[in-house]
Amino acid sequence: MAVLSLGPAPARRAVLTRRIRLLVAATITYNVVEAAVAITAGTLSSSAALIGFGLDSVVEVASATAVAWQFSAADHERRERAALRVIALSFFALAAYVGVEAVRALLGADRAEHSTPGLILAALSMAVMPLLSYAQRRAGRELGSLSAVADSRQTLLCTYLSAVLLAGLAANSLFGWWWADPAAALVIAAVAVKEGRDAWRGDACCGPATGSAGGSSPGCGR
């Protein structure tokens with residue numbers, strides 16, 4: 001007969017909570033450095049995509065800080081909704097700013113120049129972010145924390161945006177396609193809107209395993 005589980009045992013919950021705190025701290029540290037490099041390099045090269053990427057890092061810091069605030073309380077579930085709201089609003093603010101700047105660039109306000117630091121940063125983030133996202137997503141799903149999973153999705157989003165950024169910067173540098181940079185910025189803005197909407201609705205796939213031992217919650221891919 002199947003044994004039902006209401007979630008991890010208290011000792012396991014404590015381990016997962018500590019793990020999420022450490023992963024959030026690592027995410028904040030990396031993104032603070034990433035934001036500083038991206039915004040500086042983007043300003044120097046007039047790159048809307050690079051500045052948008054840097055601002056996304058700022059949003060990730062806000063998101064991770066919201067999760068850190070949530071898990072600083074003993075009863076962190078009570079702060080779940082507020083943390084999700086902060087994450088969602090951060091996404092919407094990012095989308096609005098980057099979208100406006102991208103349109104301005106497409107209309108001829110500024111044309112992006114080559115940026116070696118931007119190319120290096122985009123490639124590095126494509127390697128680092130998936131690891132942080134995967135570890136936090138696993139812990140968040142096992143713990144049943146919507147905000148932790150939402151934050152991990154935001155970290156994973158940085159991987160996709162890194163690829164978009166790298167493509168835009170490379171196309172501009174190699175072929176002189178100046179429009180590739182603001183086009184990449186528009187992609188960043190569009191994805192940010194979607195993620196913000198999902199976070200606002202609480203559409204983060206997670207939840208403690210329910211059913212037979214070793215099972216996973218419905219609809220939650222690994």
Side-chain angles (χ1 to χ4, degrees), residues 8 11-42 50-77 79-80 82-91 93-94 117-166 188 191-192 195-196 198-199 204-208 220-222:
R12 179 61 178 168
R13 290 180 65 84
V15 170
L16 292 170
T17 298
R18 286 195 298 271
R19 183 176 301 171
I20 289 174
R21 286 172 178 166
L22 289 173
L23 290 169
V24 166
T27 300
I28 290 174
T29 301
Y30 182 86
N31 279 287
V32 166
V33 176
E34 185 179 70
V37 173
I39 293 174
T40 300
L50 197 48
I51 292 175
F53 185 75
L55 291 175
D56 176 72
S57 299
V58 173
V59 172
E60 288 192 43
V61 171
S63 171
T65 301
V67 176
W69 167 76
Q70 178 195 347
F71 280 88
S72 67
D75 186 13
H76 54 79
E77 289 87 352
R79 294 182 172 182
E80 185 92 68
L84 285 170
R85 289 290 190 258
V86 170
I87 294 172
L89 292 174
S90 298
F91 269 127
L94 166 67
L119 290 167
I120 295 174
L121 180 65
L124 181 61
S125 293
M126 286 180 65
V128 173
M129 287 303 174
L131 301 178
L132 287 174
S133 174
Y134 176 73
Q136 186 172 340
R137 183 170 66 254
R138 285 196 63 181
R141 283 176 172 172
E142 185 176 351
L143 187 61
S145 171
L146 285 170
S147 61
V149 174
D151 186 56
S152 76
R153 288 176 61 178
Q154 188 167 12
T155 303
L156 184 61
L157 171 65
C158 185
T159 304
Y160 303 142
L161 297 187
S162 298
V164 172
L165 174 66
L166 187 60
I188 293 175
V191 174
E195 291 299 316
D198 289 347
C205 171
C206 75
C220 218
R222 296 281 175 185

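Everything numeric here is computed off the predicted structure, so don't read it as measured data.
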Closest heavy-atom pair and its distance - [X], [Y]:
X    : Y    : answer
L23  : L132 : CD2-CD2, 4.4 Å
A139 : I20  : CB-CG1, 3.8 Å
P130 : S125 : CD-O, 3.8 Å
L94  : G52  : CD1-O, 3.7 Å
A38  : L50  : O-CG, 3.5 Å
C158 : M129 : SG-CG, 3.6 Å

- Query: With a 4.5 Å heavy-atom cut-off, do L22 and R18 have their side chains touching?
  - Reply: no

- Message: Under the rule for side chain to side chain contact (heavy atoms under 4.5 Å, CB included), what residues qualify as partners of L166, not counting sequence neighbours?
- Response: L119, A122, M126

- Who passes side chain to side chain contact (heavy atoms under 4.5 Å, CB included) against L124, sequence neighbours left out? Y30, V128

Between atom [atom1] of [X] and atom [atom2] of [Y], what is the distance when rounded to the nearest 0.5 Å?
X    : Y    : atom1 : atom2 : answer
S145 : L16  : OG    : CG    : 10.5 Å
L156 : Q136 : CG    : CD    : 11.0 Å
F53  : I39  : CZ    : CD1   : 11.0 Å
I188 : I51  : CD1   : CD1   : 11.0 Å
L146 : D198 : CG    : CG    : 12.0 Å

- Task: Please determine, by modelled atom types, if E34 and S57 share a side-chain donor-acceptor pair under 3.5 angstrom.
- Result: yes

- Item | Contacts of type salt bridge (Lys or Arg N to Asp or Glu O under 4.0 Å), residue R85, not counting sequence neighbours | none

- Task: May I have the step-by-step check of side chain to side chain contact (heavy atoms under 4.5 Å, CB included) for E142 and R12, ending in yes or no?
- Result: CA-CA 9 Å; E142 185 176 351; R12 179 61 178 168; 2.8 Å; yes

